[in-house]
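Here the structure is laid out as structure tokens; the discussion comes afterwards.
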Amino acid sequence: GLREIFHAGEGNAVVSIDVNQHELRVWSQVCIDILGYSSMAEVLRDPERDPHVEMGAAIYRLSVPEAYALKKTDKNKFKELRQISKAVNFGAFGGLGAARFCEFARGTYGMDLSEERAKELLKLWRKTWREAGPYLEYISEMVGARGSKTSITQLRSSRIRGNVGYCDAANGYVQALAADGAKSAIVALMYEMYNTPTSPIYGCRMLAYVHDEALLAIPFDGLHEKAFHARDVFCAGLQPWTPDVPITAEPAASLRWSKKYGDPVYDANGRLIPGEWAE
């Protein structure tokens, strides 16, 4: 596939630093900034909790403990529960109506939903996260009547974006804050890789930045320490943009960029290795 085109060259691994649920963390921060609170932020501050599982509990009419228990008792259902929850959690904050949400779920997650089912899911999303309804109502009031356009000032960077409608504004606050944070984090990484001889990652190289995932070329020698140092630098660069919601990530390594090796693989000594080496 296209991902496998990216490789790090002889003697190097492709290290992926993919921020955990970055858009949800940013949306939570946006809600805190605008509304003063976020129930999703409360979940994201606890490493033992997962907003997709708790959204799934509402969708499948389970208690939250029952939903978490599926990870051990029914892994297939647990995966299914999280997948449909991802579509709702990542799609709804952009203000999509039922028809557009069906298109989003089909195009992004391969789900075929009826408009009636989409309406049910969007309603459950608003019920699960107490900031959801007030956030979209804030956007609606700010933009005005249907078809109206306005300008928004992005949080923290104060960049101004003009001519935005309802969905553009709802999604724009989140994506802009995520992008500003990403650029800041990339600068921090590049400074150490190119301009800080004392840094463990000096001499490493950036291969690409895709959505919320940094791809680095890191030598096999010292891979574990260098990958985790890069992770720490990257997360530290992102954190000031979401000061009330922690940024977390875990590096994964492979010989070529591949979704198959998106999760970290460790050797018997607990050290990060390219996923292919474990096969």
Side-chain angles (χ1 to χ4, degrees), residues 3 6 8 12-34 38 40-47 50-51 89-90 93 152-161 171-219 222-254 257 259 261-264 271-272:
R3 287 174 182 257
F6 289 89
N12 296 297
V14 175
V15 171
S16 165
I17 305 173
D18 193 354
V19 179
N20 296 322
Q21 302 165 341
H22 192 208
E23 283 183 329
L24 300 188
R25 294 174 190 275
V26 175
W27 179 65
S28 298
Q29 183 64 57
V30 168
C31 289
I32 291 171
D33 290 343
I34 291 174
S38 168
M40 186 177 284
E42 295 170 9
V43 174
L44 291 167
R45 290 183 187 121
D46 186 342
D50 181 343
N89 279 333
F90 286 126
F93 66 72
I152 60 175
T153 300
Q154 309 293 5
L155 300 169
R156 291 185 174 74
S157 69
S158 297
R159 289 186 293 112
I160 297 174
R161 181 183 178 189
N171 195 49
Y173 273 119
V174 179
Q175 303 303 339
L177 187 58
D180 286 334
K183 290 171 184 175
S184 178
I186 289 170
V187 168
L189 276 174
M190 299 283 261
Y191 187 82
E192 290 213 9
M193 290 190 294
Y194 287 86
N195 200 49
T196 310
T198 57
S199 170
I201 57 173
Y202 182 71
C204 298
R205 295 291 181 260
M206 176 77 74
L207 295 174
Y209 185 81
V210 184
H211 191 51
D212 55 5
E213 180 180 7
L215 298 176
L216 309 179
I218 295 182
L223 174 64
H224 182 91
E225 289 78 12
K226 292 173 182 176
F228 276 90
H229 181 79
R231 184 277 306 271
D232 292 344
V233 171
F234 189 65
C235 288
L238 285 170
Q239 192 61 75
W241 299 86
T242 60
D244 301 300
V245 186
I247 294 294
T248 65
E250 192 170 6
S254 57
W257 186 33
K259 200 167 184 68
Y261 304 110
D263 294 325
R271 297 179 63 77
L272 184 71

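Each residue takes its place number in the sequence, starting with 1. Every heavy atom of this structure was used, including side-chain atoms; hydrogens, water molecules and symmetry mates were not.
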- Separation of Asp232 CG from Ile201 CD1 (nearest 0.5 Å): 10.0 Å
- Please report the C-alpha distance between Asn20 and Glu250 in whole Å, then the side-chain angles of each, then the deciding distance to 0.1 Å, and finally whether the side chain to side chain contact (heavy atoms under 4.5 Å, CB included) criterion is met. CA-CA 8 Å; Asn20 296 322; Glu250 192 170 6; 5.6 Å; no
- For Arg231 and Ala249, indicate whether the former's side chain and the latter's backbone hold a donor-acceptor pair under 3.5 Å. yes
- Look at the aromatic rings of Phe6 and Trp257 and report parallel, tilted or perpendicular, splitting at 30° and 60°. perpendicular
- Closest non-hydrogen atom pair, Ala41 against Ser38: N-OG, 3.0 Å
- Would a 4.5 Å heavy-atom cut-off, applied to side chains only, mark Lys183 and Ile186 as touching? no
- Message: Do Arg25 and Leu238 make a side-chain contact, defined as non-hydrogen atoms from C-beta onward lying under 4.5 Å apart?
- Response: no
- Message: With rounding to the nearest 0.5 angstrom, report the CZ to CZ distance, Arg271 to Phe228.
- Response: 10.0 Å
- Query: Can you tell if the side chain of Ile247 reaches within under 4.5 Å of the side chain of His22, non-hydrogen atoms only?
  - Reply: yes
- Message: Looking at Ser199, is its backbone amide N or carbonyl O close enough to the side chain of Thr196 to form a donor-acceptor pair, meaning the two atoms are under 3.5 Å apart?
- Response: no
- Query: For Ala182 and Tyr209, which heavy atoms make the closest approach, and how far apart are they?
  - Reply: CB-OH, 3.3 Å
- Item | Straight-line distance of Ile32 CD1 to Asp244 CG, nearest 0.5 Å | 4.5 Å
- Close side-chain approach of Asp18 and Asp212, heavy atoms under 4.5 Å: yes
- Can you tell me if Gln239 uses its side chain to pair, donor with acceptor, with the backbone of Val245 under 3.5 Å? yes
- Drop me the distance from Thr248's OG1 to Leu44's CG, to the nearest 0.5 angstrom. 8.0 Å
- Write down the atom of Gln29, the atom of Thr242, and the distance for their closest heavy-atom approach. OE1-C, 3.2 Å
- Note on the structure: Correct closest heavy-atom pair for Ile218 and Cys204 would be CG1-SG, 3.9 Å
- Rounded to the nearest 0.5 Å, how far apart are CG of Asp263 and OG of Ser16? 9.5 Å
- If we only count heavy atoms from C-beta on, is the Lys226 to Leu216 side-chain gap below 4.5 Å? no
- Message: My understanding is that only one of Leu215, Leu223, Leu207 makes a side chain to side chain contact (heavy atoms under 4.5 Å, CB included) with Val15; could you say which?
- Response: Leu223
- Task: Starting from the C-alpha separation in whole Å, work towards a yes-or-no answer on side chain to side chain contact (heavy atoms under 4.5 Å, CB included) for Tyr173 and Gln154.
- Result: CA-CA 6 Å; Tyr173 273 119; Gln154 309 293 5; 4.1 Å; yes
- Heavy-atom side-chain contact between Asp180 and Arg159 under 4.5 Å: yes
- Message: Tell me the closest heavy-atom pair linking Leu272 and Ala227, and the distance in Å.
- Response: CD2-CB, 3.6 Å
- Task: Report the C-alpha distance between Met40 and Asn89 in whole Å, list the side-chain angles of each, state the deciding distance to 0.1 Å, and finish with yes or no for side chain to side chain contact (heavy atoms under 4.5 Å, CB included).
- Result: CA-CA 10 Å; Met40 186 177 284; Asn89 279 333; 3.9 Å; yes
- Looking at side-chain heavy atoms only, is the closest gap between Pro264 and Pro251 below 4.5 Å? no
- Message: Quick one, Arg156 and Pro243 - any side-chain contact, counting heavy atoms below 4.5 Å?
- Response: yes
- For Met193 and Arg205, which heavy atoms make the closest approach, and how far apart are they? O-NH1, 3.5 Å
- Query: Going from CG on Leu155 to CH2 on Trp241, what distance comes out if it is rounded to the nearest 0.5 angstrom?
  - Reply: 10.0 Å
